[in-house]
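Below is one structure, written out as structure tokens; comments come after it.
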Amino acid sequence: MLSKYEKELLVIIWEKMMPVAEDIGSESLLRMFTTFPKTKTYFAHLDIKPRSKQMLSHGKKIVYALHEGAKNIGTLASTLAPLSRFHAYQLRIDPTNFKLLSHCILVTLACHMKDEFTPVAHAAMDKYLSAFAAVLAEKYR
Amino acid sequence: MVEWTAEERAAIQDIFNSLDYEDVGPKALQRCLIVYPWCQRYFGGFGNLYNAEAILSNPMVAAHGIVVLHGLDRAMKNMDDIKQTYAELSVLHSEKLHVDPDNFKLLADCLSVVIAGKMGTNFTPEIQAAWQKFLSVVVSALGRQYH
């Protein structure tokens, strides 16, 4: 459950991340690949060297989607419906991996926001990323 | 037996060397109780944990955070046999404290986020990987004596 305050906080944070979407997104992915090597199995088709063109572009897509979702938290399922279908029928990423990327997103935000990434912001973000992941996995079965 | 590279040992050692226990310990436990409120079930005797402000100003939480962090010292000093080093602690958490071992991971994740916040971009992906590998061995050792 997200309070009104938490929803506003999430919009503020993701707005701040938009200008550095490529950096935040690609760093989160890189942290995930380095800490949890099994996640690389889903990216055999991409160049996942740090800050490669594909990593930057992919990272940007992820942050843009997170920003879009945060602006429309009340309608997450419908906002993310195309992404949801994509993950279910094409990507078929095992949902346990969403937790791994979510954790690395939290670490990346902590590194960049430092003290601004307060426990309350962390809680709101963790709840949001869990809800986001749940929607992505919704159509799996 | 867990294999550690020289780089991993150095990364973990470096983090401990620069750790302010009195600051990071409390912050990690406070964050855990705020982000994962169900963990509060184990701290019934700690007084007011009603909201984030209460948790952040609770002296018992702060004190216990320091205790937990010093507990990690022993693992760092015995990296080649964390399993044995923590056997007794594991029994304690299982038989006396009755803590669901899943919670160890939650605290470990919060500790990583606190350290990331302090180190900023110095907490590189490689250092993060080494640190999390260390914590996952600790978490596994703590959960081992549950029967």
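In what follows, chains carry the letters A, B, and so on, assigned in the order in which the sequence lines appear, proteins first and then strands, with residues in each chain numbered from 1. Bear in mind that the values here come from a model prediction, so they are computed numbers and not experimental data. The analysis underlying the following values was restricted to heavy atoms, covering all of them including side chains, and did not include hydrogens, waters or symmetry mates.
Taking hydrophobic clusters as Ile, Leu, Val, Met, Phe, Trp and Tyr residues chained together by side-chain heavy-atom distances below 4.5 Å, Val68(B) shares a cluster with Phe134(B). Residue Phe104(B) is not grouped with residue Leu106(B) when hydrophobic side chains (ILVMFWY) are merged at heavy-atom distances under 4.5 angstrom, including chains of intermediate members. The hydrophobic cluster containing Phe36(A) also contains Val113(B), counting ILVMFWY residues as joined when their side-chain heavy atoms lie under 4.5 angstrom apart, directly or transitively. Two different hydrophobic clusters hold Tyr50(B) and Ile55(B) under the rule that ILVMFWY side chains link at heavy-atom gaps under 4.5 Å. By the rule that hydrophobic residues join a cluster once side-chain heavy atoms approach within less than 4.5 Å of another member, Phe86(A) and Phe132(A) end up as members of one cluster.
Here the side chains of Gln128(B) and His103(A) are in contact, with some heavy-atom distance below 4.5 Å. Between Thr35(A) and Trp131(B) the shortest side-chain heavy-atom distance does not fall below 4.5 Å.
In terms of heavy-atom pairs under 4.5 angstrom with chain A, the leader among Ala130(B), Ala129(B), Pro125(B) is Pro125(B). When Asp126(A), Val120(A), Leu30(A) are compared by the number of non-hydrogen pairs under 4.5 Å with chain B, Asp126(A) comes out ahead. Options Ala123(A), Pro37(A), Ala124(A) differ in how many heavy-atom pairs under 4.5 Å they form with chain B, and the most are formed by Ala123(A).
Neither the backbone nor the side chain of Leu33(B) comes within less than 4.5 Å of any heavy atom in chain A. Residue Thr118(A) touches chain B through its backbone alone, counting heavy-atom pairs closer than 4.5 Å. For chain A, no part of Lys133(B) is nearby; none of its heavy atoms comes within less than 4.5 Å. Neither the backbone nor the side chain of Ser136(B) has a heavy atom closer than 4.5 Å to any heavy atom of chain A. Using a 4.5 Å cut-off between heavy atoms, Phe33(A) makes no contact with chain B at all.
Note that the CG atom of Asp109(B) and the NE2 atom of His122(A) stand 7.5 Å from one another [nearest 0.5 Å]. Rounding to the nearest 0.5 Å gives a distance of 9.5 Å between CD of Glu27(A) and OG1 of Thr124(B). Between Gln132(B) atom CD and Thr34(A) atom OG1 the span is 10.5 Å, to the nearest 0.5 Å.
For Lys71(A), the NZ atom is densely surrounded, since the number of other residues' heavy atoms within 6.0 Å is greater than 12. Remark: Lys53(A) NZ is loosely packed, at most 12 non-hydrogen atoms of other residues, nucleotides or ligands lying under 6.0 Å away. Counting heavy-atom neighbours within 6.0 Å of Lys105(B) NZ, excluding the residue itself, gives a total of 12 or less. Crowding of Arg144(B) atom CZ: a count of heavy atoms from other residues, nucleotides or ligands under 6.0 Å not exceeding 12. Within a 6.0 Å radius of CE in Met1(B), more than 12 heavy atoms belonging to other residues, nucleotides or ligands are found.
Shortest non-hydrogen contact noted between Ile34(B) and Pro119(A) is CD1-CB, 3.6 Å. Of all the heavy atoms in Cys111(A) and Gly120(B), the pair that sits closest is SG-O, 3.2 Å.
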